[in-house]
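Below: one structure, written as C-alpha cells.
FYI, side chains are in, hydrogens and waters are out, and symmetry mates aren't considered; it's all heavy atoms of this structure.
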Amino acid sequence: MSKSSRYEWRDQAAALQERMKSFIENPGDDQLEAVIADMRTYAAAAKNGAIDIPERFVSFA
C-alpha cells in the first residue's frame, strides 16, 4: 500500500468516524441516513478497488 493510498484510507475512515460521532451525539433520522450513506460509499469504494484498506491497522488513540 502506497503512502498516498494509506493517507486516503485514513482520511475516509476519519470522516466516517466523525459522521458516526455526530450521530451518537445528536441521534436523528437525518444523521442516521447520512451515516448509512457514508458507510455505503465507503463499502462500494472498497469493493470496487477505489481505495486500499490495510490488512492490519494499529490505533494509538
What distance do Leu16 atom CG and Gln12 atom CD have between them, rounded to the nearest 0.5 Å?
9.5 Å
Just by modelled atom types, is the Glu18 backbone N or O under 3.5 Å from a matching donor or acceptor in the Ser22 side chain?
no
Partner set under side-chain contact (heavy atoms from CB on, under 4.5 Å) for Ala45, not counting sequence neighbours
Ala50, Ile51
Which donor-acceptor pairs under 3.5 Å do the side chains of residues 25-34 make with protein atoms, sequence neighbours left out?
| residue | atom | partner | partner atom | Å |
| --- | --- | --- | --- | --- |
| Gln31 | OE1 | Gly28 | N | 3.4 |

Sorted by first residue and then second, give each salt bridge (Lys or Arg N to Asp or Glu O under 4.0 Å) pair with at least one member in residues 36-50; sequence neighbours left out.
Arg19-Asp38
